[in-house]
Amino acid sequence: MVAKQTAAAEKTEKLTLAQAVNRGLAQEMERDPSVIVMGEDVGADGGVFRVTEGLLEKFGPNRVMDTPLAESAIVGAAVGLAVAGFRPVCEIQFTGFVYPALNQLFAHVARYRNRSRGKYPLPIVVRMPYGGGIHPPEHHSESYEALFAHTPGLKVVIPSTPADAKGLIASAIRDEDPVIFMEPKRIYRAFREEVSVEPYALPIGEAKIVCEGRDVTIVAYGAMIKVAMEAQEMLERQGVSAEVIDLRTINPLDINAVLRSAEKIGRVVVVHEAPRNVGVGAEIAALVQERAMLSLLAPVERVCGFDAVFPFPRLEEHYLPTKERVMEAVQKTLGF
Amino acid sequence: MVAKQTAAAEKTEKLTLAQAVNRGLAQEMERDPSVIVMGEDVGADGGVFRVTEGLLEKFGPNRVMDTPLAESAIVGAAVGLAVAGFRPVCEIQFTGFVYPALNQLFAHVARYRNRSRGKYPLPIVVRMPYGGGIHPPEHHSESYEALFAHTPGLKVVIPSTPADAKGLIASAIRDEDPVIFMEPKRIYRAFREEVSVEPYALPIGEAKIVCEGRDVTIVAYGAMIKVAMEAQEMLERQGVSAEVIDLRTINPLDINAVLRSAEKIGRVVVVHEAPRNVGVGAEIAALVQERAMLSLLAPVERVCGFDAVFPFPRLEEHYLPTKERVMEAVQKTLGF
Amino acid sequence: MPVTIIHEARTERLEILDKDGKADEALLPKLSSEEMTGLYKLMARMRRFDEKALALQRQGRMGTWGSIRGQEACQAGLAVNLLKEDWLAPSFREHGVMISRGIPMRQVYAIWRGDERGHHFPEGVNCLPVSIPVASQLLHAAGLGLGLKLRGENRAVAVGFAGDGASSEGDFHEALNFGGVFKSRTLFFIQNNQWAISVPFHKQTAAKTIAQRAHGYGIPGMQVDGNDVLAVYVAAKKALEHVRSGDGPYLLECLTYRMENHTTADDATRYRLADELAYWKERDPIDRMRAFLVSSKLWDDGKERALLEEVSAEVEAEVKAFEAQPPAPTTDIVDFMYKERPWYLEEQRAVLAKESR
Amino acid sequence: MPVTIIHEARTERLEILDKDGKADEALLPKLSSEEMTGLYKLMARMRRFDEKALALQRQGRMGTWGSIRGQEACQAGLAVNLLKEDWLAPSFREHGVMISRGIPMRQVYAIWRGDERGHHFPEGVNCLPVSIPVASQLLHAAGLGLGLKLRGENRAVAVGFAGDGASSEGDFHEALNFGGVFKSRTLFFIQNNQWAISVPFHKQTAAKTIAQRAHGYGIPGMQVDGNDVLAVYVAAKKALEHVRSGDGPYLLECLTYRMENHTTADDATRYRLADELAYWKERDPIDRMRAFLVSSKLWDDGKERALLEEVSAEVEAEVKAFEAQPPAPTTDIVDFMYKERPWYLEEQRAVLAKESR
Ligand SMILES: Cc1ncc(C[n+]2csc(CCOP(=O)(O)OP(=O)(O)O)c2C)c(N)n1
Ligand SMILES: Cc1ncc(C[n+]2csc(CCOP(=O)(O)OP(=O)(O)O)c2C)c(N)n1
Ligand SMILES: [Mg+2]
Ligand SMILES: [Mg+2]
């Protein structure tokens with residue numbers, strides 16, 4: 001699906017990605033009184049990235065809850081709250097602090113519908129900023145989407161633009177199943193775009209063609225879309241036409257969008273900042289070679305974070321995929 | 001490397017896989033007084049699978065420690081014990097109960113050497129039985145090796161035979177870096193083989209060609225080796241010659257062993273019981289297509305667990321990969 | 001005063017019946033004869049149900065079973081205090097309270113025979129599915145209790161169950177603390193049966209009791225003799241009254257004893273002495289209550305026979321119904337994962353459907 | 001007795017200096033003049049070090065910095081009680097005790113400027129790297145304390161640090177319980193600065209203190225006025241004596257106050273009132289100790305000037321040394337992952353090496 005443009009008549013406002021998630025949260029809370037927000041510092045502080053700013057004032061402490069500093073409790077209590085009829089939107093302060101909650105996520109959140117044979121679906125959203133690029137201390141730059149994508153029962157959504165972020169957080173909240181909603185903190189405030197002021201929902205599981213092309217497909221998501229587009233521009237100047245696909249949902253992957261492009265072009269480069277080993281890029285490469293092998297003119301290339309701990313800030317920029325690395329991978333597929 | 005046969009002169013004993021790990025543990029504890037064993041029920045009970053049987057009697061309660069029921073504590077305390085000069089071998093009772101320890105594993109164990117710039121390497125082994133096939137209650141059948149393989153700083157070892165198990169647990173213990181040692185509980189007692197009575201170590205990171213072949217490569221590990229070999233036998237009868245590779249180490253993968261076989265034959269089927277999405281099979285497919293594309297006569301096929309929660313016992317056999325599913329995948333590559 | 005006492009706490013333990021069933025009259029709850037014998041009948045029903053499961057297991061007709069033998073007083077003393085609108089967040093050893101709450105025996109058997117359908121509890125039965133990772137369900141109970149509070153309920157509460165071993169897990173702590181902060185409508189009900197598989201309580205913690213932990217969360221707590229159904233009845237009543245009143249959670253520790261192996265997959269003779277078991281056999285909660293009822297002239301052999309016949313008949317009928325159930329379609333493996341099947345489960349479903357034909 | 005008290009506990013709090021620096025003579029530790037002024041100097045050094053980091057951060061010469069302003073008494077009162085063979089398991093707000101233990105200031109600056117090399121502490125300094133996931137390091141301290149015990153040490157102990165927020169995490173519980181069971185040689189040292197980013201202590205737990213949790217683990221604990229360096233000195237001494245004696249862990253809660261933003265990435269005016277800060281400014285641990293020293297004739301303006309000059313010079317020299325360090329080679333990203341680089345890191349290293357040329 002090509003990026004939907006906002007209809008001319010619609011009223012819009014210029015928002016950053018962080019603000020767009022904030023708007024989406026507020027509007028869903030207005031629409032549905034069972035939606036509650038909980039996490040560390042989500043109240044008076046408005047979240048360390050201000051994504052929940054203003055919600056406490058608007059909806060009060062019974063719907064916007066500062067929790068004790070305990071991630072397992074945040075997610076575990078959300079299970080009980082969901083059974084009690086609420087739609088909890090949990091904030092985990094950084095992806096690097098989600099590990100204490102993995103037991104609740106893997107052992108319960110992902111399994112409750114199945115375990116109860118449909119009796120207790122859990123409409124829980126777990127939001128978390130992820131990824132590098134802001135030079136913070138250790139553990140604040142992690143990209144662990146692969147863990148969630150590997151876990152049956154979860155959906156994994158990663159927006160890359162304000163407009164998508166607003167529509168996707170709405171869908172995540174309305175979804176009857178648990179959604180891990182990962183927000184690329186590097187681009188929380190990197191740019192603004194016009195976003196419809198009305199509430200709206202975008203489908204989970206649909207990728208977006210950010211830019212059509214003829215010579216190579218670049219598949220990416222989150223903050224890497226920006227890197228992919230920088231590469232695309234540079235390539236354009238070199239006469240190489242790249243198609244850029246924004247996955248938007250990591251599970252379920254929009255396999256058709258990727259395959260259509262792969263079949264059309266025959267060269268695919270996947271970009272993500274998480275480590276390469278057993279990452280999402282591996283799944284895409286595996287699926288593409290499995291289902292479009294005869295269309296492939298070159299192996300699917302991966303441009304990823306190194307298989308190393310995300311470094312402390314002074315070396316951080318050398319860890320993250322760059323447009324140069326993307327271009328190099330593109331050249332490799334072209335030269336194959 | 002083709003499976004090393006035990007030299008004729010060596011003294012051997014017939015052991016199950018569980019016994020072989022037990023022997024390996026005992027001998028390493030004898031060799032090195034800094035090796036300690038800790039976990040739930042590892043003492044008087046000898047572990048729920050009897051893998052630590054006899055160790056308490058032999059080495060006493062200071063080296064074989066029943067811990068409180070707390071997985072984060074088991075792994076977290078092991079970090080401190082390792083810094084204090086010990087080589088802790090932690091037992092997690094089932095892979096399905098490792099989640100509470102993931103914070104310690106991901107945030108610390110995997111990162112300590114790097115974080116301290118080499119000052120504090122952590123020679124910790126975390127053993128855990130994994131996988132299906134024994135009809136236990138929920139959470140007792142999980143295969144979450146992909147999580148560990150995706151995490152930089154860990155090594156992941158999965159033996160499939162008693163002889164390998166003994167040699168690999170020794171290497172894991174002697175390794176200066178943390179090793180996740182996953183034991184295929186389904187074949188803990190499935191068969192016995194002659195195992196050298198002397199202590200020995202097998203290299204981590206080396207796959208084994210269990211059976212040479214000409215028409216297709218089957219890559220598997222752990223309990224799936226048995227399934228792969230059953231398929232291999234059936235295929236043999238149908239005139240199809242399968243080469244079976246036992247990875248033995250999931251991280252670092254023995255890329256050369258896989259590529260050599262893929263280049264020789266051109267058809268690869270990967271088998272594991274973990275869910276398919278972003279699993280180890282994806283990594284192998286991604287690497288093979290990336291590095292041996294021109295040798296491939298068909299896409300790399302994956303035969304995996306379904307992308308669903310491991311079912312309760314009554315449906316369990318339908319979840320696990322079977323020789324029939326493997327053969328079907330082989331036929332698919334042959335018919336491509 | 002530069003050295004000040006900033007906190008003082010005492011933890012109480014309640015017993016009413018002694019080991020031979022003699023009651024402390026002053027503490028006896030005011031229960032009718034029917035209520036007294038009702039408690040006994042409930043326990044007998046649980047035991048029969050449990051014994052049958054063990055028998056089925058030996059015959060290969062049941063999966064791994066965790067016996068509740070010895071813990072019937074805990075579960076019965078609690079169960080009769082529960083209201084229909086209360087919620088349970090059970091661990092794997094709560095069969096007794098579960099069948100007392102309207103979950104058909106056949107469903108509990110089905111769960112442990114390995115069939116998820118057992119978990120689809122009847123409409124109106126407020127019970128979460130069995131949770132196996134120890135202590136994890138206490139957080140669900142804390143969240144549920146908060147949810148009930150937010151919904152403005154003024155009767156319903158959530159009961160979270162766990163064992164002594166579970167009390168060492170981080171989730172135990174997070175749940176009690178979370179519940180305390182939000183004054184959630186949650187009873188934390190701990191059956192300390194003194195063993196966590198092979199690990200005895202004194203290796204689980206250096207604390208003498210679990211009840212005393214309550215003070216660390218600013219909530220009340222107490223210990224009760226868990227083999228004394230009257231004491232559990234009184235303690236649970238008091239604890240539930242506290243929670244129902246909206247004053248926040250309560251931690252109730254029932255000190256009891258696991259009279260069987262941990263589960264049918266376990267062999268307790270490897271790690272515990274026969275003496276200990278013999279000691280506790282003399283403190284069997286059912287024998288004790290029967291002795292009390294007999295001495296109170298509320299029970300006799302005839303009633304006992306009739307009761308055993310009745311519960312046996314019920315159990316046999318449930319086993320029959322349970323065993324009559326054909327296995328679920330194999331496609332159930334993927335059919336309950338999401339509200340709508342994603343494309344890959346659609347494909348995988350086709351594999352399952354084809355194979356099962 | 002059917003209702004018995006099975007556990008009683010009281011939790012004490014120690015204060016020696018009042019807010020104006022007047023001492024309770026009866027409780028004054030017997031310290032020499034040098035030791036008294038030594039405590040003060042230590043605190044002043046910490047504060048200068050901390051202030052400089054904040055200044056560097058404003059100038060873009062430092063990464064995110066978590067100030068220890070207000071917590072110097074906690075860290076100094078502990079530090080002087082430590083032996084060379086003791087181990088620290090620090091959280092992210094232990095700069096004070098770290099520099100007091102022989103870790104060069106330049107290394108602590110380096111860590112927070114974002115350079116792993118800061119963590120390669122000098123030989124003979126027993127300190128784990130800074131741990132950021134709150135409470136997680138308490139388990140390392142419990143394990144280290146057990147390791148020291150198993151090694152037969154009879155002096156060395158491990159000190160695990162955490163904040164009030166961290167006390168809500170499961171790892172806090174597991175660490176104290178594990179330490180209690182194994183009688184590990186561990187001091188759990190909690191600086192309750194009453195805020196966890198924007199969450200005040202009373203939203204963190206319904207318990208009045210953290211110290212009272214000790215009873216739930218069968219270990220001793222107490223609270224101390226964390227803005228009173230003499231009280232911390234006495235309390236830490238007592239706690240360490242307990243741990244050194246082999247009787248198991250100790251939980252020491254220092255009630256203090258975070259006088260700065262959580263970190264330089266935070267803006268505390270969003271969530272806390274200026275009044276509260278003003279209240280605590282009057283209880284500044286350094287001012288208070290200076291008042292005591294001055295009134296004891298152990299300190300005067302001349303000494304103050306000389307001290308400030310000295311610590312400023314030290315800090316400036318360390319900043320210079322720290323800033324002179326060129327960035328690490330980019331290949332460091334992969335070079336410390338394993339003892340031997342696997343093939344894929346060999347390949348990835350080549351990318352890094354090529355790019356940095
Ligand atoms: C998190 C977790 N770790 C390990 C297990 C394996 N396990 C099952 S029951 C059990 C012991 C539980 O002891 P306790 O909490 O006292 O309950 P009891 O079995 O005595 O009722 C263990 C270790 C588990 N279920 N969950
Ligand atoms: C497990 C975990 N979750 C979240 C965070 C993010 N975080 C960093 S510091 C902090 C507050 C810590 O409060 P406290 O323990 O009181 O320590 P203080 O900052 O007051 O020294 C939080 C939530 C973290 N570091 N670790
Ligand atoms: Mg128990
Ligand atoms: Mg704090």
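Lettering of chains follows the sequences in order, A, B, ..., and the numbering in each one begins at 1.
Proximity to chain A (any heavy atom under 4.5 Å) is restricted, for D:Val134, to the side chain, taken from C-beta onward. With a 4.5 angstrom heavy-atom cutoff, D:Asp266 touches chain A only via side-chain atoms. Contacts of D:Arg349 with chain A are absent, with no heavy-atom separation under 4.5 Å from either backbone or side chain.
Residues A:Arg276 and D:Tyr344 share a closest heavy-atom pair of NH2-CB, 3.8 Å. For the pair A:Ala70 and D:Ser168, the tightest heavy-atom approach, listed with the atom from each and the gap, is CB-O, 3.5 Å. Taking every heavy atom of both residues into account, D:Tyr271 and A:Ala44 meet most closely at CB-CB, 3.9 Å. Across A:Arg325 and D:Leu352, no two heavy atoms sit closer than the pair NH2-CD2, 4.4 Å.
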Distance-only criterion, 3.5 Å: show the donor-acceptor pairs between side-chain atoms of residues 52-60 of chain D and protein atoms not counting sequence neighbours.
residue	atom	partner	partner atom	Å
D:Lys52	NZ	D:Glu316	OE1	3.2
D:Lys52	NZ	D:Glu316	OE2	3.0
D:Gln59	OE1	D:Arg61	NH1	2.4

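The closest side-chain heavy-atom distance from A:Glu138 to D:Glu116 is not below 4.5 Å. Side chains of D:Thr64 and A:His140 form no contact here, defined as non-hydrogen atoms less than 4.5 Å apart.
Comparing A:Gly46, A:Ala308, A:Ser72, A:Gly96 by heavy-atom pairs within less than 4.5 Å of chain D, the highest count is held by A:Ala308.
With hydrogens and angles ignored, the 3.5 Å screen pairs a side-chain donor or acceptor of D:Gln348 with a backbone N or O of A:Asp307.
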